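Not measured: the values here are computed from a predicted model.
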There are 2 protein chains.
Amino acid sequence: MMEHDIFRALADPTRRTIFEKLANGSMNASALRQGMDISQPAMSQHLAVLREARLVREQREGRFVNYQVDPDGLALIAEWLAKYRAYWPTRIDALKLLLKDMDQ
Amino acid sequence: MMEHDIFRALADPTRRTIFEKLANGSMNASALRQGMDISQPAMSQHLAVLREARLVREQREGRFVNYQVDPDGLALIAEWLAKYRAYWPTRIDALKLLLKDMDQ
DNA sequence: ACAATACATAAGCACAAACTTATGTGATTC
DNA sequence: GAATCACATAAGTTTGTGCTTATGTATTGT
C-alpha cells in the first residue's frame with residue numbers, strides 16, 4: 001500500500017536525514033553523501049525506498065541523477081493526519097504553527 | 001528519539017489499524033483484538049510501542065486497561081510536516097482538506 | 001574505442017523487529 | 001482465599017531491514 005510505503009520509508013533515521021537534506025535544496029546522489037558516512041550503494045538503496053514512497057523524485061541530468069522532494073508523499077501524510085483532526089485541538093501550539101504556515 | 005519512535009510505530013500496518021480503531025472510540029485491549037486475528041501478547045506489545053510513541057494513552061479501570069488516542073503523538077507529526085510546508089502548495093486537494101477541517 | 005564517472009542492482013550477512021509459548025501480576029468474583 | 005479474568009513481561013524463533021562487497025549500466029571524456 002501507498003500509505004505503508006511512506007511510513008516505512010520514514011521509519012529509518014538515515015532516510016529522514018536524506019529527505020531533510022533534499023528539502024533544503026535538490027541534489028544528486030553523490031552530493032547527498034557528503035558528510036554522511038554512507039556507502040554509495042546504501043545511498044542508492046535509500047533513495048529507491050524514498051522514491052517508491054513518492055517522497056522523492058529523480059531527474060536524469062547527464063550521468064548525474066538529481067533528486068528533489070516529491071510533494072505527493074507529503075500530501076499523503078497530510079491526508080492521513082487529517083483523518084484524526086478530531087484529536088488535534090488539545091495540543092494548540094503545533095496546530096498554530098500549521099495554521100500560521102498555511103494562511104499565506 | 002521521539003520523532004523516531006512515532007514513525008517506527010506507524011511503520012507497522014497492524015499498529016496503524018489499532019490506532020485507527022482507537023480513533024473511532026477508546027477501547028480496552030481485548031475489545032481491540034475483536035476481528036483482528038492477533039494474539040493477546042502481540043496486542044499488548046503493539047500497544048506498548050504505540051504508548052512509547054505517545055500515540056496512545058492507557059487508563060486503568062479495574063482489571064481492564066482502557067486505551068485512547070494521545071494527541072501528543074499526532075501533534076509531533078504535525079510539527080514534522082510543518083517543517084516541509086514549502087513543498088505543500090503543489091498538491092492543492094489535500095491542503096484544502098486540511099484547511100476545511102481546521103476552519104471550524 | 002576505451003577509460004572514467006555516477007549511479008543501480010544482486011547476493012549475502014548481521015541485526016532488529018514481530019511473532020510465538022510460557023509465565024507473571026494485579027484486580028475481581030465466588 | 002482460590003479461581004478467574006485482563007493484561008504485561010520473558011525467552012526463543014522467524015522474518016524483515018539495512019548494510020556490505022561485487023558487478024552491471026548509462027553517460028561523458030579522450
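Distance check, rounded to the nearest 0.5 Å: CD1 of A:I6 to CG of A:L50 gives 10.5 Å.
Separating the CD atom of B:Q59 from the C1' atom of D:dA6 is a distance of 16 Å, rounded to the nearest angstrom. The CD atom of B:E58 sits 6 Å away from the P atom of D:dA8 (whole-angstrom rounding). Regarding A:H4, its NE2 atom lies at a distance of 13 Å from the C1' atom of C:dA18, rounded to whole Å. Distance A:R63 CZ to C:dA6 P: 5 Å, rounded to the nearest Å. One interatomic measurement links the two molecules: CE of B:M43 to P of C:dT21, which rounds to 17 Å at whole-angstrom precision. Per the geometry, CZ belonging to A:R60 stands 7 Å off C1' belonging to D:dT27, to the nearest Å. Here the P atom of nucleotide C:dA17 and the CD atom of B:E52 are 11 Å apart, to the nearest Å. Straight-line distance from the CG atom of A:D12 to the P atom of D:dG16: 18 Å, rounded to whole Å.
A donor-acceptor contact under 3.5 Å is not formed by the side chain of A:Q45 with the base of C:dA8. Within 3.5 Å, a donor on the side chain of A:Q40 pairs with an acceptor on the base of C:dA8, or the reverse.
Hydrophobic clustering keeps A:V49 apart from B:L10 (ILVMFWY residues linked when any side-chain heavy atoms are closer than 4.5 Å, directly or through intermediates). No continuous path of hydrophobic side-chain contacts links A:L32 to A:F64 [ILVMFWY only; heavy atoms under 4.5 Å].
Remark: A:Y67 is not in phosphate contact with C:dA6, judged by side-chain N or O atoms under 4.0 Å from OP1 or OP2. Residue A:S39 places at least one side-chain N or O closer than 4.0 Å to OP1 or OP2 of D:dT20. The phosphate of D:dT17 has neither OP1 nor OP2 within less than 4.0 Å of any side-chain N or O from B:R8. Listed pair A:H46 / D:dC19 meets the phosphate criterion, a side-chain N or O lying under 4.0 Å from OP1 or OP2. In this model, the phosphate group of D:dT17 is not approached by any side-chain N or O of A:R15 to a distance below 4.0 Å at OP1 or OP2.
Among the protein residues, A:R51 comes within range of the sugar-phosphate backbone only, with heavy atoms under 4.0 Å from sugar or phosphate atoms but none that close to a base.
Taking the nucleotide of DNA chain D with the nearest heavy atom to each of B:A31 and A:E61, the more 5' of the two is matched to B:A31. Nearest-nucleotide mapping onto DNA chain D: of A:I38 and B:N28, the residue sitting toward the 5' end is B:N28.
B:W80 and B:F7 have perpendicular rings, their planes meeting at more than 60° on a 0 to 90° scale where under 30° would count as parallel.
Remark: of the listed residues A:Q59, A:K21, A:R51, A:R51 is the sole one forming a side chain to side chain donor-acceptor pair (under 3.5 Å) with A:Y67.
Here the nucleotide nearest the side chain of A:A42, chosen from D:dT20, D:dA6, C:dT21, is D:dT20. Distances were taken from every side-chain heavy atom of B:F64 (C-beta onward) to each of D:dC7, C:dA22, D:dT20; the shortest belongs to D:dC7.
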